[in-house]
Protein chains: 2
Amino acid sequence: MLYRPFEKRLNTELGKHELHRAQWTIIYYLENFNPATLVELSNYQGVEKPTITRTVGQLEELGYVEHVRGKDKREKRMQLTEAGKQLYQDVRETVDAYEVEILRGISEEDLKTAIRVMDDIRKNITQSGDGEVGTSET
Amino acid sequence: MLYRPFEKRLNTELGKHELHRAQWTIIYYLENFNPATLVELSNYQGVEKPTITRTVGQLEELGYVEHVRGKDKREKRMQLTEAGKQLYQDVRETVDAYEVEILRGISEEDLKTAIRVMDDIRKNITQSGDGEVGTSET
DNA sequence: AAAATTAGTTACCAATGATAACTGTTATCA
DNA sequence: TGATAACAGTTATCATTGGTAACTAATTTT
């Protein structure tokens, strides 16, 4: 419930670069974990594969990502193109400014605590009810 | 980005009661701020009016909310029906259990801090870029 | 009384996600 | 080794949730 205004505003910021949130999330991940498979992205985002297929397809058409083949012919490893890297930098500026703005008046320490708590919560969620992580039930 | 698993899991929990998130949010608000207008709900959720009209319509058909007319014939004040109140209680149990689970291992104090930070962030967001709150620029 | 504002609706469309059923590819194992 | 299982990705289709534009009816402003 707390994320609606957040997402709304983020979309506005991304709109300046004609990007959508789902696309940005993938670019963001690739910048940090270059070449990644679709399954990797799927797990990271907690989203089904077809959704990733679609979004990656868009980014490919836009020229922001390309795929490099590895040994395993099944998987499609994706990486950022030059244009993609440039876009990341550009968006980063916008998003950074946005972050500074929404974090106004919050102490460094409280923020750290909040981030840690959020992370713990995420771990709790993904480790239990989802049945996706670590529960290898043949 | 941090809320995807959260929403996913919440939807699973709500699914047990054949509810969706958007519907639950409205029921939740009504339980606390009985009779509320659609505009009120719209502002609270940071969502446009047509979206609210639709969801409230669903809840009305399901028999969870009903509208009481006030003086102003334009507005449609909604309140929970008996069935709606009952549903709230039932879902509350599910959601409470869920909350306990995802907050495992987080100290009372850290949680308080995190909540405060989140709230501050929300205030920062709604007070600036949206141009919706308090900026009466004729 | 006319004009502007407000609450809500209708009719669209877009973004994001899910499922089911499928094709190739690689691993397993009997 | 050959059948079978598991895995990565795709296609097609649907549902949820959101948005815009254009409208009606009721209420305020001027």
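What's counted below: heavy atoms across the whole structure, side chains too, no hydrogens, waters or symmetry copies. Each chain gets a letter, A, B and so on, in the order its sequence line appears, and its residues count up from 1. None of these values were measured; they are calculated from a predicted model.
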Asker: Can you check whether A:Arg21 has a side-chain N or O nearer than 4.0 Å to OP1 or OP2 of D:dT17?
Answerer: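 Looking at the OP1 and OP2 atoms of D:dT17, neither is under 4.0 Å from any side-chain N or O of A:Arg21.
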Asker: May I have the distance from A:Leu38 (atom CG) to C:dG24 (atom P), rounded to whole angstrom?
Answerer: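 These atoms are roughly 18 Å apart.
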Asker: Tell me: CD1 of A:Ile26 to C1' of C:dA15, nearest whole Å?
Answerer: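 After rounding, the reported distance stands at 13 Å.
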Asker: If the cut-off is 4.0 Å, is B:Lys71 near the phosphate of D:dA26, judged by side-chain N/O to OP1 or OP2?
Answerer: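 So the side chain of B:Lys71 is outside the cut-off, no N or O lying under 4.0 Å from OP1 or OP2 of D:dA26.
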Asker: Provide the Watson-Crick or G-U wobble partner of C:dA30, both distances under 3.5 Å; none if there is no partner.
Answerer: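 Its partner is D:dT1 (Watson-Crick or G-U wobble, both distances under 3.5 Å).
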Asker: Rounded to the Å, how far apart are B:Glu18 CD and D:dA15 P?
Answerer: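 That distance rounds to 15 Å.
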Asker: On DNA chain C, compare the nucleotides closest to B:Glu40 and A:Arg74; which residue's is nearer the 5' end?
Answerer: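 By nearest-heavy-atom nucleotide position, the 5'-most residue is B:Glu40.
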Asker: Assuming nearest nucleotide by heavy-atom distance, tell me which of A:Arg54 and B:Ile52 is located more 5' along DNA chain C.
Answerer: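 In this pair, the answer is B:Ile52.
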Asker: Expressed in angstrom and rounded to an integer, what is the separation of B:His20 atom NE2 from D:dT17 atom P?
Answerer: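 Between P of D:dT17 and NE2 of B:His20: 6 Å.
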Asker: For B:Leu41 and D:dT17, give me the distance from atom CG to atom P, rounded to whole Å.
Answerer: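 So the CG-P distance, B:Leu41 to D:dT17, works out to 15 Å.
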Asker: Decide if atom OH of B:Tyr28 counts as having more than 12 heavy atoms of other residues, nucleotides or ligands within a radius under 6.0 Å.
Answerer: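 Open.
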Asker: Report the distance from atom CG of B:Asn43 to atom C1' of C:dG8, rounded to the nearest whole Å.
Answerer: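 Taking atom C1' of C:dG8 as the reference, CG of B:Asn43 is at 13 Å.
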Asker: May I ask you to verify if any side-chain N or O of B:Lys49 is less than 4.0 angstrom from the OP1 or OP2 atom of D:dG18?
Answerer: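 No, B:Lys49 has no side-chain N/O under 4.0 Å of OP1/OP2 on D:dG18.
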Asker: Could you grab the distance from atom CG of B:Leu38 to atom CG of B:Asn43, nearest 0.5 Å is fine?
Answerer: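 CG of B:Asn43 is found 11.0 Å from CG of B:Leu38.
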Asker: Under 4.0 Å between a side-chain nitrogen and a carboxylate oxygen: does that hold for A:Asp119 and A:Arg116?
Answerer: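 No, A:Asp119 and A:Arg116 are not salt-bridged.
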Asker: I need the CZ-C1' distance between A:Arg77 and C:dT25, as an integer number of Å.
Answerer: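 My rounded result for the distance is 15 Å.
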Asker: Using a 4.0 Å heavy-atom cut-off, does A:Thr55 contact any base of the nucleic acid, only the sugar-phosphate backbone, or nothing at all?
Answerer: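 Nothing, no nucleic acid heavy atom in range.
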Asker: Is the phosphate of C:dA7 approached by B:Thr37 (side-chain N or O, under 4.0 Å from OP1 or OP2)?
Answerer: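 No.
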Asker: Under 4.0 Å between a side-chain N/O of B:Thr53 and OP1 or OP2 of C:dG8, yes or no?
Answerer: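 No, outside the criterion.
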Asker: Roughly how many Å is it from CD in A:Glu48 to P in D:dT11, rounded to a whole number?
Answerer: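 Rounding to the nearest Å, CD of A:Glu48 and P of D:dT11 are 17 Å apart.
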Asker: Does this structure show an ion pair linking B:Glu108 with B:Lys112, if we count only N-O contacts that are shorter than 4.0 Å?
Answerer: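 Salt bridge between B:Glu108 and B:Lys112, a charged N being under 4.0 Å from a carboxylate O: no.
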Asker: If you assign each of A:Pro50 and A:Glu75 to its closest nucleotide in DNA chain D, which residue comes earlier from the 5' end?
Answerer: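 Nearest nucleotide further toward 5': that of A:Glu75.
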Asker: Where does the angle between the aromatic ring planes of A:Trp24 and A:Tyr88 fall among parallel (under 30°), tilted (30 to 60°) and perpendicular (over 60°)?
Answerer: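 If you compare the ring of A:Trp24 with that of A:Tyr88, the planes turn out parallel.
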